Structure formats: C-alpha cells, structure tokens
Trainee: 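Got a structure here, written out as structure tokens. Questions coming.
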Protein chains: 2
Amino acid sequence: MFDTDTAHRPTNECLKITEVLARVGDKWSILVIGRLGDRSMRFNELRRSVEGVSQRMLTLTLRGLERDGLITRTVTSSIPPRVDYELTGLGRSLLVPVEQLARWAQEHRPTVEIARREFDSKMTADTV
Amino acid sequence: MFDTDTAHRPTNECLKITEVLARVGDKWSILVIGRLGDRSMRFNELRRSVEGVSQRMLTLTLRGLERDGLITRTVTSSIPPRVDYELTGLGRSLLVPVEQLARWAQEHRPTVEIARREFDSKMTADTV
DNA sequence: CCGCATCCAATTCGATACTG
DNA sequence: CAGTATCGAATTGGATGCGG
C-alpha cells in the first residue's frame with residue numbers, strides 16, 4: 001500500500017506521503033480544520049474554540065495550513081484589526097478522509113482504552 | 001464535527017479523539033501498519049522494510065501499537081529467537097480510513113507542493 | 001485584536017554499547 | 001535476532017513581553 005504500483009517501492013512515494021501526513025498528524029491541525037469545516041473564523045475565535053492551544057501553536061498551525069494551501073488568511077485592516085481564516089477547496093477535500101478517521105477514532109476509542117488498560121496492568125504485573 | 005451531537009462540545013470527545021489520533025499521527029505508526037497490511041512480519045524484516053526507522057523507534061512504535069490493541073506480538077523461543085508482528089482485527093479496520101488518507105495525500109501532493117513553493121517565495125520576497 | 005520574538009523547560013530521537 | 005539502557009543533540013512547546 002501507499003503505492004500505485006504492485007511492486008514494493010519503499011522510499012520514493014512513502015517519504016513524500018509521510019511529509020504530507022505530518023501536517024495532518026500534528027496535534028492541532030485536524031482540530032483547526034474541523035472547526036473551519038462549518039464556517040470561516042477569526043483568530044481569537046479559533047483560539048477559544050480549539051481550547052488548549054496556545055497562541056504560539058495556533059499561529060504556527062495556521063501558518064503551516066496556509067503554506068500547504070489548505071486555508072486562506074484574509075486580513076481586514078480595521079481598528080481593531082480582523083483576520084479571518086477559511087478552508088480552501090483543497091482543505092475541504094481533506095476534510096473527507098479526516099472525518100472518516102475521526103469516525104474510526106470515535107467508534108473504536110473504548111476498545112483502544114480497554115486494550116491500553118489491559119496492556120498496562122500486564123506490564124506492572126511483570127515488573128513487580 | 002468530531003462530535004455526534006449537534007451542539008458544540010469542545011473538550012470531552014475531542015480530547016479523547018486527539019489522544020487516539022496521536023498514535024496514527026506519529027511518523028512511523030502508519031508506515032508500520034501499512035507494511036503489516038499484507039502479512040505478518042518479523043522485527044528486522046520490518047526494520048529493513050520501513051527504512052529510515054531506528055531500532056529504538058521501531059521498538060517504541062511497535063510497543064505503542066501493541067498497547068493499543070492494533071497489532072499482536074508473537075514470540076517463538078528458538079535460537080535465534082523469532083518475533084512476529086501481525087495486525088489484529090482492530091488494526092485491519094484502521095487500515096481502511098488510513099488508506100483513504102494515504103490516497104488523499106498521494107492525489108494532492110503535487111498541489112500541496114506547489115502551494116508550498118508559492119508561499120515560500122512570497123515570504124522571501126517580503127523579507128528582502 | 002493579531003501575532004512575532006525571546007527565553008527556557010520538557011520531550012523526542014538517533015547513536016552507541018551491551019544482554020538473552 | 002530481538003531487544004534494553006544510556007547519553008547528548010535536536011526539536012517542540014508554553015510563558016511572557018512587545019509591536020502593528
């Protein structure tokens with residue numbers, strides 16, 4: 001998998017894909033994308049909405065998403081200034097597989113948590 | 001999104017989901033899962049296959065996946081010892097949305113790369 | 001209101017060396 | 001072969017204070 005060809009092609013495609021997935025993988029990107037799924041939002045609005053994200057990380061996340069062409073950043077030079085973030089078409093297309101993954105996580109979270117507890121209890125039993 | 005309810009429920013579900021997605025998000029997990037999609041594999045076989053992963057990181061990744069119930073670890077006490085890793089049913093179910101995401105990445109990678117170059121050139125133009 | 005810069009703590013990761 | 005242990009380097013992230 002991760003390859004159109006039947007053959008096992010380790011480096012080329014995989015590395016590139018990993019690079020793209022790195023954006024999705026980080027802690028905040030998908031949450032921000034999820035929030036922007038409904039409508040465009042302002043900076044502090046997003047900040048409050050995502051909850052737990054620091055100003056710094058939100059800034060970095062938004063820059064990254066903008067760089068990848070997933071969101072647009074629109075500055076309105078008023079006083080106070082206003083900056084709106086909105087998903088691009090590309091960003092909205094990403095929303096589809098991300099929602100699938102979110103659904104998986106939501107559906108299987110209980111199973112995973114049970115597995116974790118079981119694993120952990122086995123480990124502590126070994127050590128003692 | 002990321003919520004079954006219509007209302008905006010920021011903390012509860014999202015944090016838990018983030019926690020689960022953190023496993024998928026890290027650099028090696030999805031690659032390992034992808035490799036195990038076809039068949040079970042031994043430790044060093046995986047190590048060579050994933051390519052770029054250090055022994056340490058592969059061990060940590062495999063432990064994490066095992067802890068979450070996504071793979072099984074089977075030890076055969078021979079000389080030399082033999083350890084096989086295999087996807088569980090849960091792991092195979094994760095393979096589905098992950099493949100979708102991989103397809104997205106594969107399909108849109110050129111677009112993303114163009115966006116990145118464009119963004120970067122704008123930035124350097126500003127600075128100078 | 002938006003966001004950058006700096007400092008500093010914590011975590012992550014690779015390299016290396018050593019065990020059953 | 002399949003790990004564990006340790007160490008230093010690099011990356012990451014929060015807190016704070018300043019600037020447009």
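In this text, all values refer to a predicted model and were calculated from it rather than measured experimentally. Lettering follows sequence order; numbering is per chain, from 1.
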Trainee: Given C:dC2, is OP1 or OP2 found less than 4.0 Å from the side-chain N or O atoms of A:Arg73?
Mentor: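 Checking A:Arg73 against C:dC2: no side-chain N or O falls below 4.0 Å of OP1 or OP2.
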
Trainee: When you measure from the side-chain N and O atoms of B:Tyr85 to the phosphate of D:dG3, is any distance below 4.0 Å, counting only OP1 and OP2?
Mentor: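 Checking D:dG3 against B:Tyr85, a side-chain N or O does come within under 4.0 Å of OP1 or OP2.
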
Trainee: Between A:Met57 (CE) and C:dA5 (P), how many Å, whole number?
Mentor: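 Answer to the nearest Å: 15 Å.
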
Trainee: Does a side-chain N or O from A:Arg42 land closer than 4.0 Å to OP1 or OP2 of C:dC2, or not?
Mentor: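 Checking A:Arg42 against C:dC2: at least one side-chain N or O falls below 4.0 Å of OP1 or OP2.
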
Trainee: The side chain of B:Phe43 is closest to which nucleotide in this list: D:dC1, D:dA2, C:dG14?
Mentor: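 Taking heavy atoms from C-beta onward, the closest nucleotide is D:dA2.
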
Trainee: Could you tell me the separation between the CG atom of B:Asp26 and the P atom of D:dT11, rounded to a whole number of Å?
Mentor: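 Rounding to the nearest Å, CG of B:Asp26 and P of D:dT11 are 18 Å apart.
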
Trainee: Do B:Glu113 and B:Arg116 sit within salt-bridge range, that is, some charged N less than 4.0 Å from a carboxylate O?
Mentor: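 Judged by the 4.0 Å cut-off on N to carboxylate O distance, B:Glu113 and B:Arg116 do not form a salt bridge.
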
Trainee: Expressed as a whole number of angstroms, how long is the span from A:Glu45:CD to C:dG3:C1'?
Mentor: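 Rounded to whole Å, this separation is 17 Å.
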
Trainee: Nearest of D:dT4, D:dG14, C:dA15 to any side-chain atom of B:Arg56?
Mentor: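 Selected nucleotide: C:dA15.
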
Trainee: Assign A:Arg47 to base, sugar-phosphate, or nothing according to its heavy-atom contacts below 4.0 angstrom with the strands shown.
Mentor: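 No contact.
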
Trainee: If you look only at distance, which donor and acceptor atoms sit under 3.5 Å apart when one is on a side chain in residues 55-62 of chain B and the other is two or more places apart or in another chain?
Mentor:
from	atom 1	to	atom 2	distance (Å)
B:Thr59	OG1	B:Gln55	O	2.9
B:Thr61	OG1	B:Met57	O	2.7

Trainee: Check this for me, if you would: do A:Asp120 and A:Lys122 make a salt bridge, where the nitrogen-to-carboxylate-oxygen distance has to be below 4.0 angstrom?
Mentor: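 A salt bridge is absent here (no side-chain N lies under 4.0 Å from a carboxylate O).
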
Trainee: Per the salt bridge (charged side-chain N to carboxylate O under 4.0 Å, His left out) rule, what does the pair list look like for residues 85-94 of chain B, sequence neighbours excluded?
Mentor: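 The answer is none; no pair qualifies.
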
Trainee: With the threshold set at 4.0 Å, does a side-chain nitrogen-carboxylate oxygen contact exist between A:Arg103 and A:Glu107?
Mentor: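 Salt bridge absent between A:Arg103 and A:Glu107.
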
Trainee: Just compare C:dC4, D:dC1, D:dG14 and give me whichever is closest to any side-chain atom of A:Trp28.
Mentor: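 Of the options given, the side chain of A:Trp28 lies nearest D:dG14.
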
Trainee: What are the residues of residues 61-72 of chain A, sorted by number, that bring a heavy atom to within less than 4.0 Å of DNA chain C?
Mentor: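 Contacting residues: A:Arg63.
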
Trainee: By nearest heavy atom, map A:Pro81 and A:Gln55 onto DNA chain D; which one lands nearer the 5' end?
Mentor: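 Its nearest nucleotide being more 5', the pick is A:Gln55.
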
Trainee: Distance check needed: C:dC1 P versus A:Met41 CE, whole Å only.
Mentor: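 These atoms are roughly 15 Å apart.
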
Trainee: CG of A:Leu60 versus C1' of D:dA15: gap in Å, rounded?
Mentor: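 Checked: the CG to C1' distance equals 14 Å.
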
Trainee: Could you tell me whether A:Arg42 and A:Asp84 make a salt bridge, using a distance below 4.0 angstrom between a side-chain N and a carboxylate O?
Mentor: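 Result for this pair is no, no salt bridge flagged.
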
Trainee: Is it true that a side-chain atom of A:Ser121 and a backbone atom of A:Glu118 form a donor plus acceptor pair closer than 3.5 Å?
Mentor: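 Pair found, side chain donor or acceptor close to backbone of A:Glu118.
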
Trainee: Rounded to the nearest angstrom, tell me the gap between atom CD1 in A:Ile79 and atom C1' in D:dG20.
Mentor: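 After rounding, the gap between these two atoms is 10 Å.
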
